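Each remark here refers to the structure printed beneath this line.
As the structure is a prediction and not an experimental result, all values here were calculated from the model. Heavy atoms only: backbone and side chains are in, while hydrogens, waters and symmetry mates are out. Counting from 1, the numbers follow the sequence of the chain as shown.
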Amino acid sequence: QVQLVESGGGLVQAGGSLRLSCAASGRTFSSYRMGWFRQAPGKEREFIAVISTGGGSTYYADSVKGRFTISRDNAENTVYLQMSSLKPEDTAVYSCAAASIWTTRAQGYGYWGQGTQVTVSS
């Protein structure tokens, strides 16, 4: 079992940057693919990025490609989401999740954090 706790959210002006962290408990962190999702009020949850177990492979949603970077540190049991050139439409609750398979579908992730709010002002 994996427990996930996000941090690093907050209020930032458009064009700014934030780095989200997701700390995982448990000794099996390195065996999970890790993903980031977001959900804005009144909208469905949206896939953002996924990273392989070793960190060598990543995949991004078109909406964030070139602006966001996912990475992980298996020694620290942490996955990161570096967000740059933020836009007001990036405002959402961001959640990390762990999956046993490579997937962009939320249904494929068995463990979720509680989420952290990111608000981008114009």
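Residue Y59 shares its hydrophobic cluster (ILVMFWY side chains chained together at separations under 4.5 Å) with F37, F47, V50, W102, Y109, W112. Grouping Ile, Leu, Val, Met, Phe, Trp and Tyr residues whose side-chain heavy atoms lie under 4.5 Å apart, directly or via other members, places Y32 in a hydrophobic cluster with V2, L4, V12, L18, L20, F29, M34, W36, I48, I51, Y60, V64, F68, I70, V79, L81, M83, L86, Y94, Y111, V118, V120.
Of all non-hydrogen atoms in G108 and T103, the two that sit nearest each other are CA-CG2, 4.0 Å. Contact between S85 and R67 at its shortest, heavy atoms only, is O-NH1, 3.0 Å. Across A92 and A40, no two heavy atoms sit closer than the pair CB-N, 3.8 Å. Taking both residues in full, the closest heavy atoms of G56 and S52 are given as N-OG, 3.2 Å, listed atom of the first, atom of the second, then distance. For the pair P88 and A14, the tightest heavy-atom approach, listed with the atom from each and the gap, is CD-CB, 4.1 Å.
Ion pair K65/D62 flagged as a salt bridge, since at least one NZ, NE, NH1 or NH2 atom sits closer than 4.0 Å to an Asp/Glu carboxylate oxygen.
Side-chain polar atoms of S63 and E46 form a donor-acceptor pair below 3.5 angstrom.
When atom types are taken as modelled, the side chain of Q13 and the backbone of S122 share no donor-acceptor pair closer than 3.5 angstrom. Without hydrogens or angle criteria, T91 side chain to T119 main chain gives no donor-acceptor distance under 3.5 Å.
Take R45 and apply the salt bridge (charged side-chain N to carboxylate O under 4.0 Å, His left out) test, not counting sequence neighbours, and it matches no residue. Shown here are the side chain to side chain contact (heavy atoms under 4.5 Å, CB included) partners of S7, two or more places apart in sequence or in another chain: S21. Remark: R33 pairs with no residue by the salt bridge (charged side-chain N to carboxylate O under 4.0 Å, His left out) rule, at least two apart or across chains. Scanning for side chain to side chain donor-acceptor pair (under 3.5 Å) contacts around N77 gives an empty result, with sequence neighbours left out.
For the pair R72 and Y80, the cation-pi criterion (under 6.0 Å, within 45° of the ring axis) is not fulfilled.
Between atom CD of residue Q117 and atom CD of residue E6 there is a gap of 12.0 Å, rounded to the nearest 0.5 Å. For the atom pair Q82 CD and S71 OG, the distance stands at 8.0 Å (nearest 0.5 Å).
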